[in-house]
Every structure is written in structure tokens, then in C-alpha cells.
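Owing to the predicted nature of the structure, the values given are computational and were not obtained by experimental measurement. All values below come from the heavy atoms of this structure, side chains included, with hydrogens, waters and symmetry mates left out.
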Amino acid sequence: MSRDPTDRAHRPHRADEAVQRWRTAGAQMLLSGHVHEPGVLQPLPGLWACRAGTAVSHRLRHGSPNSLVVLTVEASGTAVGGWARYAARWDYDQAAGEFVCVLRQAVGAL
């Protein structure tokens, strides 16, 4: 999943078809890592994509720091069934010398 949906040059051939087929097959989340472009996005309704950056590389790209994504399931009074899923993106903060949470996104109920 490209960070810019109009950037066709950096998308695999037939990517749109693959994403649609994964969703049709019942996928709710696509996971990828070491992509140097961290992010949490929803390419189609009901389907989430979590892209972890690289947590320890010295070869950083696109101005993105080292990062990781933490997935959790938590009790929720507002979610159907009482449980919700979250994806939290953590980026390395050079000044603080540690990873800090920069995004926490609800990614659906169980």
C-alpha cells in the first residue's frame, strides 16, 4: 500500500485486485514491515493495512524515523461485543532517546 494512492509507480502490478480479493476472502488486516514508510490506513471499508517501518535500521528513508506498530485488543464499552482492536504506531524520538506513540487508531471490533 503506497502512502499516496495516486503513486502507481511504487505499487505492485495488480495490487488493487489483490487487496479486493483479500477483503472478499475475509481478511480484516494486512501486515507488512521493514517498508521504510510506516503507517496505518484503511484501503477499503472493513480492511486495514498496518505498515511497520524499520525499528533498528540506520538507512532511513522519506524522512521517516525508525518505527514499529503494536496491535492490541482491549475492552471497550462502545464496541460491538465489548472488545476493540487498536493499532499504535511508535516512532523513535532521537531527542528523547526512546520510541514514542505518535498514532493510536481503532481498527475494528472483534
| query | Rounded to the nearest 0.5 Å, what separation is found between the CZ atom of Arg14 and the CG atom of Asp16? | reply | 11.5 Å
| note | Closest heavy-atom pair, Tyr92 versus Phe99, reported as atoms and distance to 0.1 Å, is N-CD2, 3.5 Å
| task | Calculate, to the nearest 0.5 Å, the distance between atoms CG and CH2 belonging to Leu41 and Trp48 respectively. | result | 8.0 Å
| remark: Rounded to the nearest 0.5 Å, the CG atom of Leu47 sits from the CE atom of Met29 at a distance of 8.5 Å
| Side chains of Arg51 and Pro38: does their closest heavy-atom pair fall under 4.5 Å? | no
| request: Indicate whether the side chain of Arg85 and that of Gln28 have a donor and an acceptor atom separated by less than 3.5 Å. | output: yes
| field | For Ala84 against Tyr86, the heavy-atom pair lying closest together | value | CB-CE1, 3.8 Å
| Measuring from Trp22:CH2 to Glu17:CD, what's the distance to the nearest 0.5 Å? | 10.5 Å
| remark: In this structure, SG of Cys50 is separated from CD of Gln105 (nearest 0.5 Å) by 9.0 Å
Please output the side-chain donor-acceptor pairs of residues 66-77 that fall under 3.5 Å, not counting sequence neighbours, one pair per line with the distance.
residue: Asn66; atom: OD1; partner: Ser57; partner atom: N; Å: 3.4
residue: Asn66; atom: ND2; partner: Ser57; partner atom: O; Å: 3.3
residue: Ser67; atom: OG; partner: Gly53; partner atom: N; Å: 3.2
residue: Thr72; atom: OG1; partner: Glu74; partner atom: OE2; Å: 2.9
residue: Glu74; atom: OE1; partner: Arg104; partner atom: NH2; Å: 2.5
residue: Glu74; atom: OE2; partner: Arg104; partner atom: NH2; Å: 2.7
residue: Ser76; atom: OG; partner: Thr78; partner atom: N; Å: 3.3
residue: Ser76; atom: OG; partner: Thr78; partner atom: OG1; Å: 3.1
residue: Ser76; atom: OG; partner: Ala79; partner atom: N; Å: 3.2

